[in-house]
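Presented below is the structure to which this report refers.
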There are 2 protein chains.
Amino acid sequence: MDKRLQRSRERVLAAAYDVLVASGIGGFSVDEVARRSGVAKTTIYRQWPTREALVADACWRMVAEQEEETPDAGSVEADVESILSEIGRLLWTANWAAVVPSVIDAAERDPEFGEIHARIQAGHAAPLKTVLERGVARGELAADADVAVLAAALLGPLFYRRWFARQPIDEAFVQSLVRQVLRSPGTGR
Amino acid sequence: MDKRLQRSRERVLAAAYDVLVASGIGGFSVDEVARRSGVAKTTIYRQWPTREALVADACWRMVAEQEEETPDAGSVEADVESILSEIGRLLWTANWAAVVPSVIDAAERDPEFGEIHARIQAGHAAPLKTVLERGVARGELAADADVAVLAAALLGPLFYRRWFARQPIDEAFVQSLVRQVLRSPGTGR
DNA sequence: TCGCTACGCTACGGGAGCGTAGCGAAATGT
DNA sequence: ACATTTCGCTACGCTCCCGTAGCGTAGCGA
């Protein structure tokens, strides 16, 4: 295992990640990565056969940096509120938030990015679904509650605020959202 | 007023709209519009100074085709359900649904498209907000209900289903969503 | 030390797109 | 009927990007 391989590989991926965040998938170019990383374009093409492969790798790195923890404060409501607050905060601060729209756009036409997007999506929803399923098991939620529907009802408004209405996501918003969705007849409890 | 101007203008705009739907903003090119419309590229540039101007015009045409009616069935719940069902249907059928992600992506970096996106967004939310405000006036909803928050709680899950979870939006989903949001303590009633 | 491997560099060839120039032909409306 | 306007066409120049070839150099490992 040559150290040079690993070093240049790391440099390129870091630069690719930066370019991705700055320009999105549409504006991503190998030339730009070469400029920023200081690694020659020929060297890049020795490790990644095509532009798409490099973009995909940079996306996967983004997916990895987005893992979140699953809280366990005792009640479903507290856990859900904790998760939503964290996501709401990240939506306006994390790097990946600026890239997601271009990933969605790419996924609309390219299956490869469809899979990447599915993974990003799964990463967001996983902790929430875990918490909700725990709530069902504990009897805090109705036994026949549809976890997927609940997750959509909880996550959707956050994303809506960020990318559609372009309004801030404060604590009050999250709280009233959680109350609306979890304390309603349809949800049971 | 020369008829030739109007005719070529119409042809170009129609083709531009098609290209926009097929390729999104990122894949939009004047050359492609020229090829599809049969209008020479030079002629296009005589009426639109730049590519961006043509893209923007095509987007505005899209905005215009997206107007919806405001129902009035007597109860807030019925009206909201009607609106959400219609949007849920359009999200998987209408042309503009395939373009929205690229508009959001562009809006993330270009203020011009930010405004276009705001108009699209407003077009979606307008009928819903009207209905909700009517509900507040009638006393069906709490007097201090935040219409913007309610709109986010209702529209967000639909968009979430379409672009994030990629799951179908059926009647059952809309119904349970409406119940969850409108029949909860936070909303009043 | 010495062979192997990865590296950087320069230079390509090909393609696509933007926006422009010049000219002759056709449509317009007066 | 005739001047004006618009059109289509070909051909550019420019920029950016993809992906490749060849060569000399520097670093790695044994």
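The chains referred to below are lettered A, B, ... by the order of the sequence lines, with proteins before strands, and numbering in each begins at 1.
Qualifying salt bridge (Lys or Arg N to Asp or Glu O under 4.0 Å) partners for A:Asp110, counting only residues two or more places apart in sequence or in other chains: none. Not counting sequence neighbours, the partners of B:Lys41 by the salt bridge (Lys or Arg N to Asp or Glu O under 4.0 Å) test are B:Asp31. Residues passing the side chain to side chain donor-acceptor pair (under 3.5 Å) test with B:Trp48, sequence neighbours excluded: B:Asp57. Here A:Glu115 pairs with nothing under the side chain to side chain donor-acceptor pair (under 3.5 Å) rule; sequence neighbours left out. Take B:Arg11 and apply the side chain to side chain donor-acceptor pair (under 3.5 Å) test, not counting sequence neighbours, and it matches no residue.
Contacts between residues 31-44 of chain A and DNA chain D, counted as heavy-atom distances below 4.0 Å, involve A:Asp31, A:Arg35, A:Lys41, A:Thr42. For the segment residues 13-26 of chain B, the set of residues with a heavy atom within less than 4.0 Å of an atom of DNA chain C is empty. Scanning residues 49-59 of chain B for heavy-atom distances under 4.0 Å to DNA chain C yields B:Thr50, B:Arg51.
You can see that DNA chain C meets the heavy atoms of chain B within a 4.0 Å-exclusive cut from C:dG17 to C:dG29, reading 5' to 3'.
With salt bridges taken as basic N to acidic carboxylate O contacts below 4.0 Å, none links B:Glu77 and B:Arg179.
B:Arg162 contributes no side-chain N or O that, together with a main-chain N or O of B:Leu158, makes up a donor-acceptor pair within less than 3.5 Å.
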CA sep, side-chain torsions, deciding dist, call: B:Ser85, B:Glu171, side chain to side chain contact (heavy atoms under 4.5 Å, CB included)
CA-CA 7 Å; B:Ser85 294; B:Glu171 208 61 32; 3.0 Å; yes
Verdict with supporting geometry, A:Ser75 and A:Glu140, side chain to side chain donor-acceptor pair (under 3.5 Å)
CA-CA 8 Å; A:Ser75 82; A:Glu140 290 182 84; 4.9 Å; no
Go through the steps for A:Gln180 and B:Leu150 under the test side chain to side chain contact (heavy atoms under 4.5 Å, CB included), then give the verdict.
CA-CA 9 Å; A:Gln180 277 174 8; B:Leu150 283 178; 3.5 Å; yes
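When every heavy atom of A:Arg138 is checked against every heavy atom of A:Gly74, the shortest pair comes out as NH1-O, 2.6 Å.
The distance from atom CG of B:Asp2 to atom P of D:dC7 is 7 Å, rounded to the nearest whole Å.
Both B:Gly27 and B:Lys3 lie near DNA chain C, and the one whose nearest nucleotide falls closer to the 5' end is B:Gly27.
Here salt bridge (Lys or Arg N to Asp or Glu O under 4.0 Å) pairs that include residues 59-69 of chain B, with residues two or more places apart or in two chains, are B:Glu10-B:Arg61. Residue pairs satisfying the ring-ring contact (aromatic ring centres under 6.0 Å, His included) criterion with at least one member in residues 56-103 of chain B, sequence neighbours excluded, are listed as follows: B:Trp96-B:His124.
Looking only at atom types and distance, the side chain of A:Glu32 has no donor-acceptor partner in the side chain of A:Ser23 under 3.5 Å away.
Using bins of under 30°, 30° to 60° and over 60° for the plane-to-plane angle, the ring pair B:Tyr160/B:Phe164 lands in the parallel bin.
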What dot-bracket string describes DNA chain D from 5' to 3', counting Watson-Crick and G-U wobble pairs whose defining distances are under 3.5 Å, with [ ] for crossing pairs and | for pairs to another strand?
||||||||||||||||||||||||||||||
